[in-house]
Amino acid sequence: MVVYGCPCETSTDPNDRLGTSVGDALLSSFSQRISHLLFGDDVLARVGGDEFVLLLHHGVDEDFFEKLLASIRQPLMVDGQSIHLTASLGVTRYPNDHVQGDVLLRHANQAMYRAKQRGRDTFHLFDPNHDRLLQVRHEQRQRFIDALNHNELCLYYQPQVDMRSGKVVGVEALIRWQHPEEGLLAPGQFLPIIDTTPLEVSLGEWVIERALCQLTEWHAQGIALPINVNISPTHLLVSSFSQRLAELLACHPDVPPSMLKLEVLESAAMHDVQAALHNMSLCQALGVSFAIDDFGTGFSSLTHLRQLPVNLIKIDQSFVRDMLSDQDDMAIVESVIYMANRFRRPMLAEGVETLEHAKALMALGCELAQGYGIARPMPAEALPAWLADWPMRADWNSLAQPAC
Ligand code: C2E
Ligand code: MG
Ligand code: MG
């Protein structure tokens, strides 16, 4: 077992206050006191100015560290002066932490810094499993950065339609990772790796930039469809969000800002609603509008609906999927549609997989839809052919007849 300890005087560095000779005497008394708690083959070494390492060859439990800390806490008399010390201890256990000696020392040292962070005068046990997880996460994030820099990410687009008029009203951009070994990865397979890290901002900017390039390309091809981009709460809360957005828009002068729409999750992660509201209103001033995504799954839908300046409410697909067979889900869909109407906000149903879903939604007053029944997300190159084919879809065309 390796214990990395860092004693310090409760007020100041003793060398500064008392002079180096008293400092030396203090270190010597300190070492003697610790030595009394050790067994014959244990080792106490001083490895830095005020850092000690203990190598314990016998198993000890947590009481031992409490005893060690209590002993260090006892005032030391040096040169007629009473000096109070406390220590931060980092501990790692071999063979549980099955690594080479130098790495064992590093792990104990890491644990000592955790003890310091936790307020000193305490000990922290190194957890090899947690450390391995952190290591894997670190490698995954590095791999994601490579993917971002080497164009392995791409956007798929899923059409959104007005079922009443039959018109395609826009597309949602959905991120994909074309992984060289693992194939095409869906966001659920890699977004958790970057959750709440600054990489969410890098990805978000990449997605906005890519969507604006796509809008420019479509503009040149005569396709005028707004793109909805998903924005993570971490990204939306960055203070310079709207400023960066304005810069990105300025690089694409052919794209009217109204062609870009941002989807924000109604989620608990939106912890700072005031900051979100502020950024959203700055973006709206630029001409960019907002949709609230996965509506109904968040923690306080009504508050959000009252406060957030959203231009579209997206009913979460989990309610839509089972609405025909589950009365509770039907009740939720009905309520969301009712609420959206009362707040005079347009709404769109996600996850519309069948014509039956579409008919039921229209009967309830929801006319905008997106889902596998209409189209699966597709690469940009596939969209022109889908757009040409869509008006020929007799099943969906029948919905588009004007109501009698
Ligand atoms: P979302 O924004 O709610 O997107 C809708 C998800 O539902 C997409 O999954 C889409 O492929 C899927 N979907 C659409 N229609 C149907 C349907 O009829 N049935 C079923 N079962 N699923 C349907 P996808 O592409 O896997 O994306 C999952 C989530 O990942 C998105 O949910 C969004 O929250 C997030 N996401 C996707 N792209 C981005 C991005 O560029 N940035 C950020 N921050 N998040 C993204
Ligand atoms: Mg979305
Ligand atoms: Mg959604």
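Read the numbers this way: they start at 1 and go in the same order the structure lists the ligands and their atoms. Start at 1 with the first residue, then count along the sequence.
Looking only at heavy atoms of the protein, atom 35 (C) of ligand 1 is closest to Leu191 CD1, 3.9 Å. Looking from atom 32 (O) of ligand 1 to the surrounding protein, the closest heavy atom is Asp293 OD2, 4.7 Å. Looking from atom 11 (O) of ligand 1 to the surrounding protein, the closest heavy atom is Pro377 CG, 3.3 Å. With hydrogens left out, the protein atom closest to atom 28 (C) of ligand 1 is Pro187 CG, 3.9 Å, a heavy atom. Considering only non-hydrogen protein atoms, atom 15 (N) of ligand 1 sits nearest to Gln158 NE2, 3.0 Å. Shortest contact from atom 21 (N) of ligand 1 to any protein heavy atom: Glu353 OE2, 3.2 Å. If you check which protein heavy atom lies closest to atom 13 (N) of ligand 1, you get Tyr372 CE2, 3.6 Å. Scanning the protein heavy atoms around atom 31 (C) of ligand 1, the nearest turns out to be Leu174 CD2, 4.3 Å.
Of all the N, O or S atoms in Glu350, the one closest to the Mg ion (ligand 3) is OE2. Taking the N/O/S atoms of Asp294 in turn, the shortest distance to the Mg ion (ligand 3) belongs to OD1. In terms of distance to the Mg ion (ligand 2), the nearest N, O or S atom of Glu172 is named OE2.
Between Arg321 and Glu350 there is no salt bridge, since no side-chain nitrogen of the basic residue lies less than 4.0 Å from a carboxylate oxygen of the acidic one. Of the charged side-chain nitrogens involved, none lies within less than 4.0 Å of a carboxylate oxygen, so that Arg141 and Glu200 do not count as a salt-bridged pair. A salt bridge links Lys314 with Glu172: the closest approach of a Lys/Arg side-chain nitrogen to an acidic carboxylate oxygen falls below 4.0 angstrom. Ion pairing between a basic and an acidic side chain is recognised when a charged N comes within 4.0 Å of a carboxylate O; Glu205 and Arg244 show such pairing.
Aromatic ring pairs are classed by plane angle as parallel below 30°, tilted from 30° to 60° and perpendicular above 60°; the pair Phe30 and Phe52 is tilted. Under the 30°/60° scheme for interplanar angles, the aromatic rings of Trp177 and His179 are found to be tilted.
Between atom 40 (C) of ligand 1 and the options Asp316, Thr234, Ile175, the minimum heavy-atom separation is to Ile175. In the candidate list Val352, Thr354, Ile231, Asn230, Asn230 is nearest to atom 42 (N) of ligand 1, counting heavy atoms.
Every atom of ligand 1 is numbered from 1 in the order shown, and the set under 4.0 Å from a heavy atom of Val207 is 41 (O). Close contacts of ligand 1 with Gly371, meaning ligand atoms under 4.0 Å from a residue heavy atom, involve 15 (N), 18 (O). Atom numbering of ligand 1 starts at 1 in the shown order; those under 4.0 Å from a heavy atom of Gly351 are 16 (C), 17 (C), 18 (O).
Of all the heavy atoms of Leu155, none lies under 4.0 Å from any atom of ligand 1, so neither backbone nor side chain is involved. When heavy-atom distances to ligand 1 are checked against a 4.0 Å cut-off, Glu172 comes that close only through its side chain, counted from C-beta outward.
Heavy atoms of other residues, nucleotides or ligands lying less than 6.0 angstrom from CD of Gln243 number 12 at most. Within 6.0 Å of the CD atom in Gln142, the count of heavy atoms belonging to other residues, nucleotides or ligands exceeds 12.
The Mg ion (ligand 3) does not have Glu263 among its coordinating residues (no N/O/S atom, backbone or side chain, under 2.8 Å). Not one N, O or S atom of Asp316 sits under 2.8 Å from the Mg ion (ligand 3).
Taking distance alone, with nitrogen or oxygen atoms compared against 3.5 Å, Gln317 approaches ligand 1 more closely than that limit.
Ring to ring, Trp386 and Tyr157 are not that close: their centroids are 6.0 angstrom or more apart. Checked against a 6.0 Å centroid threshold, the rings of Phe39 and His57 do not count as neighbours.
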Can you give each donor-acceptor pair under 3.5 Å made by side-chain atoms of residues 58-65, sequence neighbours left out, with the distance rounded to 0.1 Å?
| unit_1 | atom_1 | unit_2 | atom_2 | d |
| --- | --- | --- | --- | --- |
| His58 | ND1 | Asp42 | OD1 | 3.3 |
| His58 | ND1 | Asp42 | OD2 | 3.3 |
| Asp61 | OD1 | Asp63 | N | 3.2 |

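Shown here, atom 9 (O) of ligand 1 is out of close reach of the protein: none of its heavy atoms lies under 4.0 Å off.
Residue contact check for ligand 1: Lys314 places no non-hydrogen atom closer than 4.0 Å to it. In this structure, Gly188 does not count as a contact residue of ligand 1, since none of its heavy atoms falls inside 4.0 Å of the ligand. Within the structure, the closest approach of Arg176 to ligand 1 falls below 4.0 Å when heavy atoms are considered.
Here the angle centred on the Mg ion (ligand 2), running from OD1 of Asn230 over to OD2 of Asp293, is 90°, rounded to 10°.
Across every non-hydrogen atom of Ser88 and Lys116, the tightest pair is OG-CG, 3.4 Å. Closest approach of Ser242 to Asn279, counting heavy atoms only: CB-O, 4.4 Å.
The only member of Asn228, Leu236, Ile231 that meets side chain to side chain contact (heavy atoms under 4.5 Å, CB included) when paired with Phe290 is Leu236.
Once rounded to the nearest 0.5 Å, the distance linking CG of Leu68 with CZ of Arg73 reads 10.0 Å.
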